[in-house]
Enquirer: 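Encoded as structure tokens, here's the structure I'll be asking about.
This is a predicted model, so every value here is computed, not measured. All ligand and atom numbering here is 1-based and tracks the order in the structure.
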Amino acid sequence: MNIGLSPAPGQADPQAVPTDVRVVGVVGAGQMGSGIAHVCALAGLPVVLLDMKPDALDKAMATMARNMDRQVAKGAITDAQKSAGLALVTPSSDYAGFADADLVIEAATEKEEVKRAIYRALTPHLKPSCMLASNTSSISITRLGASTDRAEKFIGMHFMNPVPVMKLVEVIRGIATDEPTFQAVQALAARLDKTTAVSEDFPAFIVNRILVPMINEAVYALYEGVGGVTAIDSALRLGANHKMGPLELADFIGLDTCLSIMQVLHEGLADSKYRPCPLLVKYVEAGWLGRKAGRGFYDYTATPPRPTR
Ligand code: NAD
């Protein structure tokens with residue numbers, strides 16, 4: 001107990017979780033991290049963006065500028081807002097840059113050991129009140145939080161891809177997550193003009209619990225020869241009125257991410273209905289990870305993209 005720092009009654013506790021997020025840190029500057037930095041910066045929040053790969057940071061800055069240009073062209077933001085937004089993002093390769101962050105959102109590769117290693121390296125640099133959110137698509141928030149020094153300030157903040165376009169953020173409380181952290185994240189989501197859906201901490205939460213097994217089933221349909229890539233995607237686009245076919249969507253999400261989510265569902269719920277399709281495993285082993293790798297169920301080096309099966 002730090003008696004010297006105790007607040008007078010009615011005054012804010014300096015050790016309490018801030019309900020107002022003023023500075024954001026983002027770890028992982030891939031598809032999701034760059035999108036999260038984009039929306040935070042346009043909401044006027046300074047963002048420190050870290051990746052272990054310097055080229056990922058360069059790519060993220062270029063992606064943000066390109067996507068903001070698109071928003072300017074559509075009249076959604078002004079040129080001045082774009083410039084101000086980009087100026088608020090500081091790329092960094094050093095966790096020391098997170099010292100002032102009120103909230104760090106981790107959006108690194110969907111592997112539990114990667115995320116745990118990040119938290120180990122990151123948390124010594126954070127102020128005690130800093131909250132930590134994971135953008136994980138499937139991993140237990142309770143377990144991730146328990147691996148940190150701040151389980152009560154740890155929460156799931158699951159943005160959808162592409163972040164600047166998609167309205168939803170799933171908010172997932174771990175068993176230890178405290179109310180101020182939950183409220184702070186809800187308030188931040190509102191500031192980012194997002195709508196939240198609160199999910200219990202079960203494997204893959206709500207959206208991916210339903211969406212990714214559908215994608216896995218589409219890969220089974222391809223594997224078993226029920227239809228080719230084009231037939232399966234057209235069938236769901238035109239027959240179920242989906243915006244994207246399931247294989248096109250899998251490429252968009254990233255096949256490694258889809259596989260990790262199926263593995264988490266399979267292990268977490270111990271039900272054979274979540275068995276990852278062997279063809280999905282093979283594509284990932286080949287490095288055919290979807291759009292981000294230039295090839296997945298489609299070959300994106302061709303215009304229009306050519307089905308790979
Ligand atoms: P991505 O592969 O595009 O980006 C991951 C980034 O993390 C890479 O730039 C990589 O260099 C970086 N990284 C890996 N290890 C690191 C480390 N130790 N330190 C710093 N950076 C590190 O992946 P993504 O699609 O952006 O997914 C990121 C997270 O968001 C995952 O947890 C994923 O499940 C989740 N997510 C993805 C989607 C989607 O549609 N792709 C949607 C919602 C949530």
Enquirer: Would you say E106 touches ligand 1, if touching means a heavy atom closer than 4.0 Å?
Expert: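 No, E106 has no heavy atoms under 4.0 Å from ligand 1.
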
Enquirer: Does ligand 1 have any atom sitting under 4.0 Å from a heavy atom of H158?
Expert: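 Contact present.
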
Enquirer: Decide, yes or no, whether a salt bridge links D51 with K59 under the criterion of side-chain N to carboxylate O below 4.0 Å.
Expert: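 Salt bridge: no.
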
Enquirer: Can K167 and D193 be counted as an ion pair, charged N to O under 4.0 angstrom?
Expert: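 Result for this pair is yes, salt bridge flagged.
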
Enquirer: Please say whether T257 places an N or O atom under 3.5 Å from an N or O atom belonging to ligand 1.
Expert: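 N/O-N/O distance below 3.5 Å does not exist for this pair.
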
Enquirer: Could you see which bit of I118 sits under 4.0 Å from ligand 1, with heavy atoms only: side chain, backbone, both or neither?
Expert: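 The part of I118 near ligand 1 is the side chain, not the backbone.
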
Enquirer: For M32 and ligand 1, does the shortest N/O to N/O distance drop below 3.5 Å?
Expert: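 Among all N and O atoms of M32, at least one is under 3.5 Å from an N or O of ligand 1.
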
Enquirer: Does A117 come within less than 4.0 Å of ligand 1, judged by its heavy atoms?
Expert: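 Heavy atoms of A117 never come under 4.0 Å of ligand 1.
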
Enquirer: Kindly indicate, with the supporting measurements, whether the criterion side chain to side chain donor-acceptor pair (under 3.5 Å) is fulfilled by R309 and Y223.
Expert: CA-CA 10 Å; R309 274 176 100 82; Y223 178 61; over 6 Å; no

Enquirer: Looking only at N/O atoms, are D256 and ligand 1 under 3.5 Å apart anywhere?
Expert: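 No: no nitrogen or oxygen of D256 is under 3.5 Å from one in ligand 1.
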
Enquirer: Are I175 and D201 close enough, and set up right, to give a side chain to side chain contact (heavy atoms under 4.5 Å, CB included), and what steps lead you there?
Expert: CA-CA 8 Å; I175 200 165; D201 188 20; over 6 Å; no

Enquirer: How close does the nearest protein non-hydrogen atom get to atom 28 (C) of ligand 1, and which residue and atom is it?
Expert: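 Ranking protein heavy atoms by distance from atom 28 (C) of ligand 1, first comes A107 O, 3.2 Å.
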
Enquirer: Could you find the nearest protein heavy atom to atom 8 (C) of ligand 1 and give me its residue, atom name and distance?
Expert: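 Result: D51 OD2, 3.5 Å.
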
Enquirer: What protein heavy atom is closest to atom 22 (C) of ligand 1, reported as residue, atom name and distance in Å?
Expert: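 The protein heavy atom lying closest is M52 CG, 3.8 Å.
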
Enquirer: For atom 25 (O) of ligand 1, what is the closest protein heavy atom, and at what distance to 0.1 Å?
Expert: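 Answer, as residue, atom name and distance: Q31 NE2, 3.1 Å.
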
Enquirer: Provide the number and element of each atom of ligand 1 under 4.0 Å from a heavy atom of F159.
Expert: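 Matching atoms, with element in brackets: 42 (C), 43 (C), 44 (C).
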
Enquirer: With side chain to side chain donor-acceptor pair (under 3.5 Å) as the criterion, how do E267 and Q263 come out once you've worked through the C-alpha distance, each side chain's angles and the decisive distance to 0.1 Å?
Expert: CA-CA 6 Å; E267 283 157 24; Q263 286 164 338; over 6 Å; no

Enquirer: Suppose I only count heavy atoms of T109 and a 4.0 Å limit; which atoms of ligand 1 are within that range?
Expert: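 So the answer, numbered in order with elements, is 5 (C), 7 (O), 13 (N), 14 (C).
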
Enquirer: I'd like to check which ligand 1 atoms, numbered from 1 as shown, lie under 4.0 Å from a non-hydrogen atom of T136.
Expert: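 Taking each heavy atom of T136 in turn, ligand 1 has 32 (O) under 4.0 Å.
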
Enquirer: Side chains of S92 and D94: donor-acceptor distance under 3.5 Å anywhere?
Expert: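 Distance-only check fails for S92 and D94.
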
Enquirer: So, regarding S137 and ligand 1 (criterion: nitrogen or oxygen to nitrogen or oxygen, under 3.5 Å), is there a contact or not?
Expert: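 Indeed, backbone or side chain, S137 has an N or O that close.
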
Enquirer: Could you tell me which non-hydrogen atom of A218 sits nearest to which non-hydrogen atom of I232, and how far apart they are?
Expert: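 That closest heavy-atom pairing would be O-CD1, 3.7 Å.
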
Enquirer: Would you find a donor on one side and an acceptor on the other, under 3.5 Å apart, between the side chain of T308 and the backbone of G296?
Expert: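 It does hold such a pair.
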
Enquirer: Which of the atoms of ligand 1 are close to V114, meaning less than 4.0 Å from one of its heavy atoms?
Expert: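 Counting from 1, the qualifying ligand atoms are 15 (N).
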
Enquirer: Students should be able to answer this: which protein heavy-atom is nearest to atom 29 (C) of ligand 1, and at what distance?
Expert: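 Protein heavy atom with the smallest distance to atom 29 (C) of ligand 1: A108 O, 3.2 Å.
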
Enquirer: When you measure from the side chain of D256 to the backbone N and O of L289, does any donor-acceptor pair fall under 3.5 Å?
Expert: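 Checking the backbone N and O of L289 against the side chain of D256, no donor-acceptor pair under 3.5 Å is found.
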
Enquirer: For ligand 1, which atoms, with element, lie under 4.0 Å from some heavy atom of A56?
Expert: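 The atoms of ligand 1 under 4.0 Å from a heavy atom of A56 are 9 (O).
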
Enquirer: Any idea which protein heavy atom is nearest atom 41 (N) of ligand 1, and the distance to it?
Expert: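 Going by distance alone, atom 41 (N) of ligand 1 is nearest to I253 O, 2.9 Å.
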
Enquirer: Between Y298 and Y300, how do the two ring planes meet: parallel, tilted or perpendicular, split at 30° and 60°?
Expert: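 The arrangement is tilted - the two ring planes meet at 30° to 60°.
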
Enquirer: For E110 and T257, does a side-chain donor sit closer than 3.5 Å to a side-chain acceptor?
Expert: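 Judged by distance alone, the side chains do not pair up.
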
Enquirer: Looking only at atom types and distance, does a side-chain atom of Q31 sit under 3.5 Å from a main-chain N or O of I253, one as donor and one as acceptor?
Expert: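 Flag set: sc Q31 to bb I253 pair under 3.5 Å.
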
Enquirer: Mind checking whether L50 has an N or O less than 3.5 Å away from an N or O of ligand 1?
Expert: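 No.
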
Enquirer: With heavy atoms of G28 as the reference, note each atom of ligand 1 found under 4.0 Å away.
Expert: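 In order of number, 7 (O).
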
Enquirer: Between R173 and D178, is there a salt bridge with N-O shorter than 4.0 Å?
Expert: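 Looking at D178 and R173, the cut-off is not met.
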
Enquirer: Using a strict cut-off of 4.0 Å, indicate which atoms of ligand 1 neighbour a heavy atom of K115.
Expert: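 Once the distances to K115 are compared, the set is 31 (C), 32 (O).
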
Enquirer: Considering the heavy atoms of N161, write down every atom of ligand 1 situated less than 4.0 Å from one of them.
Expert: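 The atoms of ligand 1 under 4.0 Å from a heavy atom of N161 are 39 (C), 40 (O), 41 (N).
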
Enquirer: Is K292 in polar range of ligand 1, meaning some N or O pair under 3.5 Å apart?
Expert: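 Yes: some nitrogen or oxygen of K292 is under 3.5 Å from one in ligand 1.
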
Enquirer: Among all protein heavy atoms in this structure, tell me which lies nearest to atom 32 (O) of ligand 1, with the distance rounded to 0.1 Å.
Expert: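 Here the closest protein heavy atom is E110 OE1, 2.5 Å.
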
Enquirer: Relative to each other, are the rings of Y95 and H125 parallel, tilted or perpendicular (30° and 60° limits)?
Expert: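 Ring orientation, 0 to 90° scale: parallel.
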
Enquirer: In the protein, what heavy atom is nearest to atom 30 (O) of ligand 1, and what distance, to one decimal place, separates them?
Expert: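 Looking only at protein heavy atoms, the one closest to atom 30 (O) of ligand 1 is N135 ND2, 2.9 Å.
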
Enquirer: Do side-chain atoms of S83 reach the backbone of D79 as a donor and acceptor pair under 3.5 angstrom?
Expert: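 Yes; at least one donor-acceptor contact below 3.5 Å.
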
